[in-house]
There are 2 protein chains.
Amino acid sequence: MDRRHEILLGATKSFTLFGYKATTIEQVAKIANVGKGTIYTFFKNKEELFQEVVFHLINEMKHETDRLIDTNASFMQNAHTALMKMLQFRERHLLFAKLIEEETALGTPEVQQMLLKIESEIISYVSMRIRNGIAKDEIIECNPEHVAFLLFKSYLAFIVDWQLTHNEPLNEQEILTLFSETLFRGLAKKK
Amino acid sequence: MDRRHEILLGATKSFTLFGYKATTIEQVAKIANVGKGTIYTFFKNKEELFQEVVFHLINEMKHETDRLIDTNASFMQNAHTALMKMLQFRERHLLFAKLIEEETALGTPEVQQMLLKIESEIISYVSMRIRNGIAKDEIIECNPEHVAFLLFKSYLAFIVDWQLTHNEPLNEQEILTLFSETLFRGLAKKK
DNA sequence: AAAATGACCAGAATACCACATCGGTCATCC
DNA sequence: GGATGACCGATGTGGTATTCTGGTCATTTT
């Protein structure tokens with residue numbers, strides 16, 4: 001029974017359920033079935049534990065996406081597939097959703113910082129993909145960082161903000177169609 | 001000397017400078033050079049005064065845009081012009097900027113509600129313009145509300161969020177180029 | 001001996017209460 | 001009769017007493 005792993009699992013569960021601030025180390029210890037002190041033999045402090053949890057999730061997402069990208073397929077197809085994957089894994093983003101909620105509701109500084117870090121991770125990943133697309137002459141010349149920022153914020157707008165003003169969340173197909181028909185379509189190089 | 005107008009002017013100034021909560025009725029009375037009680041002969045309460053101020057600004061923006069729209073020009077040209085106008089008038093949005101700041105910092109319920117109202121006003125205006133474009137066969141078939149939402153949120157992302165992660169704000173030309181080359185380009189019907 | 005544990009501590013967060021401030025009214029004044 | 005500001009009740013603020021929580025470490029367990 002890997003104690004370190006148990007702790008990570010428990011921490012993920014607790015952060016997802018209660019957010020950063022409301023998660024106590026004692027809580028995590030209880031979920032992971034270890035003593036409080038044990039946590040500190042594997043992680044320097046609460047913040048480091050938090051970082052490990054988040055980066056684990058981000059890496060999972062990146063690898064998942066990498067696995068799906070088909071170098072032979074067109075940029076539009078790949079973008080479509082990747083976006084679909086992200087949408088299907090909304091559940092797994094529950095942690096991120098909780099963090100965004102905590103950020104807007106309480107403004108916890110550690111969470112704020114972490115969200116910026118997550119944003120920058122994702123944007124630089126997407127930028128890289130866009131730069132690839134440009135190099136392969138599949139998408140128009142553009143500023144990759146700007147476009148990545150636009151894509152990221154648009155995605156968030158539909159996943160997070162939409163619910164705030166509309167009672168029904170947009171379903172995956174609608175979001176996918178919208179992105180494909182406007183953003184991806186605008187980016188694709190006309191041949 | 002139009003007392004009602006003086007009050008509106010003073011209120012606009014104060015809300016822009018201090019936000020909703022930090023603006024006191026006495027403050028507004030002082031700026032407008034009237035007695036406190038006088039405000040209540042023209043406005044039912046603080047919230048109504050706030051609404052009048054905001055709707056006055058929204059209507060100004062709508063008329064400004066209407067004036068610029070050229071029914072003979074293409075959708076892309078009009079979108080470009082309208083966006084440029086909005087960008088040039090960032091200063092006038094100072095009130096909106098202040099409200100967004102107050103919303104994220106304090107979460108004042110009246111402000112939150114008002115921002116939702118502003119959002120819905122703008123989105124329904126943009127939706128209308130998009131529906132026009134579709135009817136005139138200038139832009140692709142799409143869900144006007146979804147696209148309007150996307151445009152609005154993207155605009156805000158670059159005006160408000162960009163500064164949070166990048167020290168230099170994006171200049172107008174860059175935003176304009178980005179929108180034209182991706183979103184507007186994607187929406188335009190290929191002929 | 002090495003790893004795990006939970007009682008313990010200091011500092012941060014919360015709850016509470018006395019007090020000040022502000023939105024809104026209304027008797028008075030011009 | 002419209003404008004005014006002293007006044008009122010309710011809401012918000014600041015300062016303090018108390019609780020809670022992250023992190024340590026002497027003791028226990030394996």
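Owing to the predicted nature of the structure, the values given are computational and were not obtained by experimental measurement. Any value given below was found using the heavy atoms of this structure, including those in side chains, with hydrogens, waters and symmetry copies removed. Here is the naming used below: chain letters follow the sequence lines, and residue numbers restart at 1 for every chain.
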Visitor: Are B/Asn143 and B/His146 linked by a side-chain donor-acceptor pair shorter than 3.5 Å?
Guide: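 Short answer, yes.
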Visitor: Would you call A/Glu52-A/Arg4 a salt bridge at under 4.0 Å N-O?
Guide: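 Yes, charged N to carboxylate O under 4.0 Å.
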Visitor: Between A/Arg3 and C/dA2, is there a contact of a side-chain N or O with OP1 or OP2 at under 4.0 Å?
Guide: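 Negative; the distance criterion is not met.
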Visitor: I need the CD1-C1' distance between A/Ile39 and C/dA3, as an integer number of Å.
Guide: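 Taking CD1 of A/Ile39 and C1' of C/dA3, I get 15 Å after rounding.
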Visitor: What nitrogen or oxygen pairs link the protein and nucleotides 11-14 of chain C at under 3.5 Å?
Guide:
residue, atom, partner, partner atom, Å
C/dT14, OP1, A/Lys21, NZ, 3.0

Visitor: Regarding B/Lys46 and the six-membered ring of B/Tyr20, is the cationic atom NZ or CZ under 6.0 Å from the ring centre and inside 45° of its axis?
Guide: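 Yes, B/Lys46 sits over the ring of B/Tyr20.
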Visitor: Nearest whole Å is fine: how far is C/dG23 C1' from B/Phe43 CZ?
Guide: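 Answer to the nearest Å: 16 Å.
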Visitor: If you compare all heavy atoms of A/Arg185 against all heavy atoms of B/Ala188, which two are closest, and at what distance to 0.1 Å?
Guide: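 Smallest interatomic distance, heavy atoms only, reads NH1-O, 3.4 Å.
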Visitor: Name the closest nucleotide to the A/Lys36 side chain, picking from C/dG23, C/dC8, C/dA4.
Guide: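 When the side chain of A/Lys36 is considered, C/dC8 is the closest of C/dG23, C/dC8, C/dA4.
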Visitor: Hey, is B/Lys85 close enough to B/Glu172 for a salt bridge, meaning N to O under 4.0 Å?
Guide: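 Looking at B/Lys85 and B/Glu172, the cut-off is not met.
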Visitor: In this structure, how many angstroms lie between the C1' atom of C/dT5 and the NZ atom of A/Lys30, rounded?
Guide: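 Answer to the nearest Å: 14 Å.
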Visitor: List the atom pairs, with distances to 0.1 Å, where a side-chain N or O of residues 103-114 of chain B and a protein N or O form a donor-acceptor pair under 3.5 Å, not counting sequence neighbours.
Guide:
residue, atom, partner, partner atom, Å
B/Thr104, OG1, B/Ile100, O, 3.2
B/Thr104, OG1, B/Glu101, O, 3.0
B/Thr108, OG1, B/Glu102, OE2, 2.9

Visitor: What's the CD1-P distance between A/Ile25 and C/dC9, to the nearest Å?
Guide: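 Value for this atom pair: 20 Å.
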Visitor: Nearest whole Å is fine: how far is C/dC22 P from B/Glu110 CD?
Guide: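 Roughly 15 Å, once rounded to whole Å.
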Visitor: If only atom types and distance count, is the side chain of A/His80 paired as donor or acceptor with the main-chain N or O of A/Met76 below 3.5 Å?
Guide: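 Not confirmed, A/His80 side chain does not pair with A/Met76 backbone.
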Visitor: Students often get this wrong, so: under 4.0 angstrom with heavy atoms, is B/Thr38 touching a base, only sugar-phosphate, or nothing?
Guide: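 The answer is base, as B/Thr38 lies within the cut-off (heavy atoms under 4.0 Å) of a base atom.
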Visitor: Check the surroundings of atom CD in A/Gln163: do more than 12 heavy atoms from other residues, nucleotides or ligands lie under 6.0 Å from it?
Guide: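 More than 12 heavy atoms, drawn from other residues, nucleotides or ligands, come within 6.0 Å of this atom.
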Visitor: Donor-acceptor pairs under 3.5 Å, side chain of residues 125-134 of chain B to any protein atom, not counting sequence neighbours: which ones?
Guide:
residue, atom, partner, partner atom, Å
B/Tyr125, OH, B/Asp66, OD1, 2.6
B/Tyr125, OH, B/Arg129, NE, 3.3
B/Tyr125, OH, B/Arg129, NH2, 3.4
B/Ser127, OG, B/Ile123, O, 2.9
B/Arg129, NH2, B/Asp66, OD1, 2.7
B/Arg131, NH2, B/Glu145, OE2, 2.7

Visitor: Which is the 5'-most and which the 3'-most nucleotide of DNA chain D that has an atom under 4.0 Å from a heavy atom of chain B?
Guide: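 Span of nucleotides near chain B: D/dA3 to D/dT13.
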Visitor: Which residue, A/Phe42 or A/Glu26, contacts DNA chain C at a nucleotide closer to its 5' end, judged by nearest heavy atom?
Guide: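 This one resolves to A/Phe42.
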Visitor: Salt-bridged, B/Glu6 to B/Arg3, with N to O below 4.0 Å?
Guide: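 Looking at B/Glu6 and B/Arg3, the cut-off is not met.
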Visitor: Please name all residues satisfying side chain to side chain donor-acceptor pair (under 3.5 Å) with B/Asp161, sequence neighbours left out, ordered by chain then number.
Guide: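 B/Asp161: side chain to side chain donor-acceptor pair (under 3.5 Å) contacts with A/Lys153.
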Visitor: May I ask you to list the residues of residues 45-55 of chain A, by number, that have any heavy atom positioned under 4.0 Å from an atom of DNA chain D?
Guide: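 A/Asn45, A/Lys46 - these, ordered by number, are the residues of the stretch whose heavy atoms sit under 4.0 Å from the strand.
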